[in-house]
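The block underneath contains the structure these notes are about, expressed in structure tokens.
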Amino acid sequence: MTLHESVHFTLNGTDPVITAEWESLATHPDGFGRTRLGPDHRLFVMTFYHQLHCIWKFQQALVERNDPTASKHHVQHCLNYLRQTFLCEAADSVEEGDFMDRNFEQDRIGDTLVCRDWEKVYNVLDGAYAEWEQWSQKWN
């Protein structure tokens with residue numbers, strides 16, 4: 001994936017298209033990265049989705065200061081969580097030039113990274129969520 005500046009996922013809280021873009025982070029896979037595994041159906045969350053959740057909470061806190069789902073405590077948790085996960089599995093590629101001196105309006109294309117194929121993860125999570133729903137309906 002080649003990194004680039006985008007018109008998507010901006011901080012315009014009054015634009016319904018942009019709001020839908022941010023909300024789309026929670027629509028796939030089923031259960032927003034939560035899955036239940038094992039015979040006791042223990043709950044787990046994929047780190048990747050917890051990270052996306054935190055980025056969405058930053059957006060909500062910046063757009064609507066009084067949003068109860070993006071409280072000061074929640075945002076602080078997210079800052080710590082992202083800092084720790086980035087340190088744990090930080091990208092080890094090098095970027096050309098100094099991003100602090102870069103004009104992002106003119107120089108919109110960044111480096112190219114090799115990313116994981118998340119489609120397989122989506123399929124496994126969707127399957128586990130469907131299995132959980134069937135079990136939950138039967139036993140709850």
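As a basis for the values below, the full set of heavy atoms in this structure was taken, side chains included, without hydrogen atoms, waters or symmetry mates. Along the sequence shown, the residues carry numbers beginning at 1.
Residues L52 and I18 are members of one and the same hydrophobic cluster, defined by side-chain heavy-atom contacts under 4.5 angstrom among Ile, Leu, Val, Met, Phe, Trp and Tyr. Hydrophobic clustering (ILVMFWY, side-chain heavy atoms < 4.5 Å, transitive): F9 and V17 are in distinct clusters. Following chains of ILVMFWY side-chain contacts shorter than 4.5 Å, one cannot reach Y129 starting from Y122, and the two form parts of different hydrophobic clusters. In this structure, L37 is not a member of the same hydrophobic cluster as Y49, with clusters built from ILVMFWY side-chain heavy atoms closer than 4.5 Å.
Here the closest non-hydrogen pair linking A61 and A70 is N-CB, 3.7 Å. Scanning all heavy atoms of the two residues, the minimum distance from D15 to N12 falls at N-OD1, 3.4 Å.
Between the side chain of S24 and the backbone N or O of E21 there is at least one donor-acceptor pair closer than 3.5 Å.
With values rounded to the nearest 0.5 angstrom, H77 atom NE2 is found 10.5 Å from S71 atom OG. Interatomic distance, W118 CH2 to N123 CG, rounded to the nearest 0.5 Å: 13.0 Å. Annotation: the span from T85 atom OG1 to Q51 atom CD amounts to 4.0 Å, rounded to 0.5 Å. Here CG of D126 is found 8.5 Å from CD of E119. Values are rounded to the nearest 0.5 Å. In this structure, CD in Q59 is found 9.0 Å from CG in L25, a value given to the nearest 0.5 Å. Taking NE2 of H74 as the start and CD of Q60 as the end, the distance is 8.5 Å to the nearest 0.5 Å.
For residues 86-140, no residue pair satisfies the disulfide bond (SG atoms under 2.5 Å apart) rule, not counting sequence neighbours.
Counting only heavy atoms from C-beta outward, the side chains of F58 and V75 approach each other to under 4.5 Å. The closest side-chain heavy-atom distance from W56 to T69 is not below 4.5 Å. You'll find the side chain of H73 stays beyond 4.5 Å of the side chain of Q76, heavy atoms only. Put simply, the side chain of T19 reaches to within 4.5 Å of the side chain of E23, judged on heavy atoms.
Through direct or relayed side-chain contacts under 4.5 Å between Ile, Leu, Val, Met, Phe, Trp and Tyr, V63 connects to L11, L62. As a member of the Ile/Leu/Val/Met/Phe/Trp/Tyr network built from side-chain separations under 4.5 Å, M1 groups with L3, L113. Grouped by direct or indirect side-chain proximity (heavy atoms under 4.5 Å, Ile/Leu/Val/Met/Phe/Trp/Tyr only), I109 sits alone.
Contacts of D107 classified as salt bridge (charged side-chain N to carboxylate O under 4.0 Å, His left out), with partners at least two apart in sequence or in another chain: R102.
The environment of CD in E64 is crowded: more than 12 heavy-atom neighbours from other residues, nucleotides or ligands sit within 6.0 Å. Heavy atoms of other residues, nucleotides or ligands lying less than 6.0 angstrom from CD of Q106 number 12 at most.
R116 and E89 are joined by a salt bridge, as a carboxylate oxygen and a charged side-chain nitrogen come within less than 4.0 angstrom of each other.
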Mind listing the side-chain donor-acceptor pairs of residues 40-48 below 3.5 Å, one per line with the distance, residues two or more places apart or on another chain?
from: H41; atom 1: NE2; to: W135; atom 2: NE1; distance (Å): 3.3

